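Scroll down for the structure; my scribbles are underneath it.
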Amino acid sequence: MDEGPYARAGGRLPGDPVPDPGLGHAHEHAHGHGGDGHGHGAARPGVRSLGREERRFTSVRRFVRLLPLLLIAVAVVYDCLTPRYFTAGPLYTAAPLVAAPLYSRRGTLFTGIAVVVAVTALQFTKDVAHYIDSITELVTIATVAALAVFVNAFVRRTDERLASAREIAEAAQRAVLPEPAGRIGGFEIAACYEAAQADAFIGGDLYAVQDSPRGVRMIVGDVRGKGMGAVAAVAVVIGAFREAAEQEATLEAVAQRLERALAREGTRREGLDAFEGFTTAILVELPHGGSVVRLVNRGHPPPLLLYSDGTLRTLSARDAALPLGMGELGVWPDRAEESAFPGGSTLLLYTDGLSEARDAEGEFYDPQKRLAGRDFGDPGALLDHLAEDVRRHSGGGMADDMALLAVQRP
């Protein structure tokens, strides 16, 4: 029963949600947090601790896997406790049909054989095997069991194609949004991604971390739109950022490179996206050997700075700026703003999927209020807390993608 596409797909049944960026999946760390073995690391996109929803799906899967055996057991007990002319034929018929999409071919075959053997044995025990009704019932059950094997073969082929497509999609999406290392340039890094779209690992949100001669540079952004068009724009932004972060002397110049990259991308788009494509982004630079952080904010939610004593400060931009890709509406020179970034403090970057998550009453999630006065020790613990807290606040459903990136200065 453990063979076939069910096992290869990680124990998922057809129709089960693929583990997604996101909430409700195991948060993997080496020595507790992954990365480089220092005890802190980056959370893989979509890899989080199991939540209530995932545990519920796991319980349902286990029950469904046992359902054919339970049907046979209930049918046998019913036949043993009732008079000879009573029969549990419908339960025997249902068992191999339920097994067909769940079990391997061998498991489905064994279920059919078990049903036929059980019915035959009970008919002889009750001394009704020679009646025409009993013979008809046995032939019907045997026919359904044989058909279940053919149904299983069809389901196996469909599941194998689906599992292959999911693996290819996951690999492609991981290549677009790779996992950052747990320690870069002496800073502890953690990241996670929540895709609102079912069966997706990434969407329109993005993050990237790049070490450079001028310091560790980071970006967190939100591309307008959803679906594969947004994923294509994410790939453009991340590719341009990594190249510019290595080559450009200033953070302002990095922002201008991204502006030009998105302008080129816009010429290849069609319809509304050709005119209204843009990306909100926050660009960060952490100079080597310094205790400051430089920021260029392009229409993005301001980052939060959490100090080791539990105090919190919002690093709001003094001068408003348009998102990337909207240069045709006006040009203002980018100005990097510098703030103190003392040892032991943590910088939290996020997209509006966090701050715009609503509860049942429509109240927005307020990360500043929720995190004030808390000390989490390391970036991974901070993101674990945020993931669980926003899940409770929104009731487990995400209306928009959410990307989180946390960096701590030792």
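Computed from a prediction, not measured in an experiment: that's the story for all the values here.
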**Study point:** Parallel, tilted or perpendicular, as decided by the 30° and 60° cut-offs, for the rings of Tyr207 and Tyr193
**Key:** tilted
Check your understanding: Nearest 0.5 Å, what's the CG-CG distance between Leu405 and Leu383?
Key -> 8.0 Å
Check your understanding: Are any non-hydrogen side-chain atoms of Tyr365 and Asp389 less than 4.5 angstrom apart?
Key -> yes
Exercise for review: Mind running side chain to side chain contact (heavy atoms under 4.5 Å, CB included) on Ser345 and Leu306 for me, showing each step along the way?
Suggested key: CA-CA 6 Å; Ser345 56; Leu306 290 75; over 6 Å; no
Review point. Do His288 and Asp211 have a side chain donor and acceptor closer than 3.5 Å?
Key: yes
Review point. Can you find a pair of side-chain heavy atoms, one from Leu251 and one from Asp334, that are under 4.5 Å apart?
Key: no
Point to revise | Residue of the set Val284, Leu315, Leu305, Val292 for which side chain to side chain contact (heavy atoms under 4.5 Å, CB included) holds with Phe341 | key: Leu305
Check your understanding: So do Leu371 and Leu304 actually touch side chain to side chain, heavy atoms under 4.5 Å?
Key -> yes
Check your understanding: Using a distance-only test with no angle check, is there a side-chain donor-acceptor pair under 3.5 angstrom linking Gln210 and Arg217?
Key -> no
Exercise for review: If the plane angle is over 60° it's perpendicular, under 30° parallel, otherwise tilted; pick one for Phe376 and His385.
Suggested key: tilted
Check your understanding: Within a radius of less than 6.0 Å around OH of Tyr78, do more than 12 heavy atoms belonging to other residues, nucleotides or ligands occur?
Key -> yes
Review point. Using 4.0 Å as the upper bound for N to carboxylate O, is an ion pair formed by Arg358 and Glu363?
Key: no
Practice item. Take Val390 and Leu354 through the test side chain to side chain contact (heavy atoms under 4.5 Å, CB included) and record every step on the way to the result. Key: CA-CA 7 Å; Val390 75; Leu354 175 70; 4.1 Å; yes
Review point. Does Thr87 reach the main-chain N or O of Gly89 with its side chain, forming a donor-acceptor pair under 3.5 Å?
Key: yes
Check your understanding: For the atom pair OG (Ser212) and CD1 (Ile184), what is the distance rounded to the nearest 0.5 Å?
Key -> 11.0 Å
Point to revise | Heavy-atom closest pair, residues Tyr92 and Ala118 | key: CE2-CB, 4.3 Å
Exercise for review: Identify the residue among Thr280, Thr351, Thr279 that makes a side chain to side chain donor-acceptor pair (under 3.5 Å) with Asp205.
Suggested key: Thr351
Review point. Does a side chain donor of either Gln123 or Glu137 reach within less than 3.5 Å of an acceptor in the other side chain?
Key: yes
Check your understanding: How close do Gly112 and Ala145 get, heavy atom to heavy atom, and via which atoms?
Key -> CA-CB, 3.7 Å
**Study point:** Polar contact flag, side-chain donor to acceptor under 3.5 angstrom, Thr314-Gln368
**Key:** yes
Point to revise | Among Leu69, Asp79, Leu91, the one residue meeting side chain to side chain contact (heavy atoms under 4.5 Å, CB included) with Val74 | key: Leu91
Check your understanding: Asp378 and Gln408: side-chain donor and acceptor closer than 3.5 Å?
Key -> no
Check your understanding: side chain to side chain contact (heavy atoms under 4.5 Å, CB included) between Leu349 and Leu347: does it pass, once the steps are laid out?
Key -> CA-CA 7 Å; Leu349 311 172; Leu347 183 68; 4.1 Å; yes
Practice item. Look up atom CZ in Arg257 and atom CG in Leu324, then write down how far apart they are to the nearest 0.5 Å. Key: 13.5 Å
Review point. So, His300 side chain and Tyr350 main chain: donor-acceptor pair closer than 3.5 Å or not?
Key: yes
Practice item. Look at Glu337 together with Arg294 and state whether they make a salt bridge at an N to O cut-off of under 4.0 Å. Key: no
Review point. Is Arg214 salt-bridged to Glu285, cutoff N-O under 4.0 Å?
Key: no
Point to revise | Any side-chain heavy-atom pair of Ser134 and Lys126 under 4.5 Å | key: no
Practice item. Evaluate side chain to side chain contact (heavy atoms under 4.5 Å, CB included) for Val155 paired with Arg157, printing each intermediate quantity in order. Key: CA-CA 5 Å; Val155 171; Arg157 286 196 295 270; over 6 Å; no
Point to revise | Leu102 and Val64, any side-chain heavy atoms less than 4.5 Å apart | key: yes
Check your understanding: Are Asp375 and Tyr307 linked by a side-chain donor-acceptor pair shorter than 3.5 Å?
Key -> no
Exercise for review: Drop me the distance from Thr108's OG1 to Leu147's CG, to the nearest 0.5 angstrom.
Suggested key: 12.5 Å
Point to revise | Heavy-atom side-chain contact between Leu283 and Leu295 under 4.5 Å | key: no
Study note, to complete from the structure: One should read off an interatomic distance between Ser104 OG and Asn152 CG, to the nearest 0.5 angstrom, of 7.0 Å
Check your understanding: Salt-bridged, Glu259 to Arg298, with N to O below 4.0 Å?
Key -> yes
**Study point:** N/O donor-acceptor pair under 3.5 Å between Arg374 side chain and Thr311 backbone
**Key:** no
Review point. Any donor and acceptor pair, going by atom type alone, linking the side chain of Ser316 with main-chain N or O of Pro302 inside 3.5 Å?
Key: no
